[in-house]
Amino acid sequence: HVQLVESGGGSVQPGGSLTLSCVVSGSTRSLNCMGWFRQAPGKEREGVAAVFGGEGGSKYYADSVKGRFIISQDNVENAVYLRMNSLKPEDTAMYYCVADTICPRRWWSSSGYNYWGQGTQVTVS
């Protein structure tokens with residue numbers, strides 16, 4: 001049974017920083033594709049960032065967060081992180097950790113990931 005547990009969310013002022021963590025347990029195969037999605041009330045989920053191929057793999061970012069957010073992975077701890085800098089009010093959302101053993105054709109497609117965490121709230125105000 002694969003579990004993804006997020007932590008690190010909270011309330012910050014604009015311009016502040018937060019680091020989200022996602023710890024994976026119960027995986028018997030390598031989760032080669034990990035990332036973060038977010039969803040604000042009344043809006044669809046959107047891809048924030050993803051890393052394919054492990055610690056040295058390819059990284060992808062939504063245009064809205066490029067240059068501000070950094071995704072990283074720790075294969076020893078089996079965890080993925082999202083460092084969020086220069087936060088803006090529009091970053092307010094529930095952030096979800098996602099993962100899969102097979103990488104989707106489109107990293108930003110929510111349907112491309114089989115494993116999802118419960119989410120952690122980020123509020124910028």
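Arg45 forms a cation-pi arrangement with Trp116, by the criterion of a distance under 6.0 Å to the ring centre and an angle within 45° of the ring axis.
Taking the side chain as every heavy atom from C-beta outward, Tyr95 and Val48 approach each other to under 4.5 Å.
Under 3.5 Å, the side chains of Arg83 and Thr19 contain a donor-acceptor pair of N or O atoms. Counted by atom type alone, Ser109 and Ser111 present one or more donor-acceptor pairs between their side chains at under 3.5 Å.
Separation of atoms CD (Gln73) and SG (Cys33) is listed at 9.5 Å; rounding is to 0.5 Å. Here the CG-CD1 distance, from Asn114 to Ile102, works out to 8.0 Å after rounding to the nearest 0.5 Å. Once rounded to the nearest 0.5 Å, the distance linking CD of Glu44 with CD of Glu46 reads 10.0 Å.
For Glu90, the CD atom counts as densely surrounded, since its 6.0 Å shell holds more than 12 non-hydrogen atoms of other residues, nucleotides or ligands. Dense packing is recorded around CZ of Phe52, with more than 12 heavy atoms of other residues, nucleotides or ligands lying under 6.0 Å away.
Remark: Tyr113 pairs with Phe37 by the ring pair (Phe, Tyr, Trp, His ring centres under 6.0 Å) rule, at least two apart or across chains. With sequence neighbours excluded, no residue forms a ring pair (Phe, Tyr, Trp, His ring centres under 6.0 Å) with Tyr61.
In summary, Lys88 and Asp91 do not engage in a salt bridge, as defined by a charged side-chain N under 4.0 Å from a carboxylate O.
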Please walk me through it: do Leu82 and Phe69 pass side chain to side chain contact (heavy atoms under 4.5 Å, CB included)? CA-CA 7 Å; Leu82 185 69; Phe69 292 9; 4.1 Å; yes
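Under the side chain to side chain contact (heavy atoms under 4.5 Å, CB included) rule, Arg38 has a single partner from Val122, Val65, Leu20, which is Val65. The only member of Cys97, Ser21, Ser72 that meets side chain to side chain contact (heavy atoms under 4.5 Å, CB included) when paired with Val80 is Cys97.
In terms of modelled atom types and a separation under 3.5 Å, the side chain of Glu6 and the main chain of Cys22 share no donor-acceptor contact. At least one donor-acceptor pair closer than 3.5 Å links the side chain of Lys59 to the backbone N or O of Ile71. The backbone N or O of Gly9 lies less than 3.5 Å from no partner atom in the side chain of Gln121, so there is not a single donor-acceptor pair.
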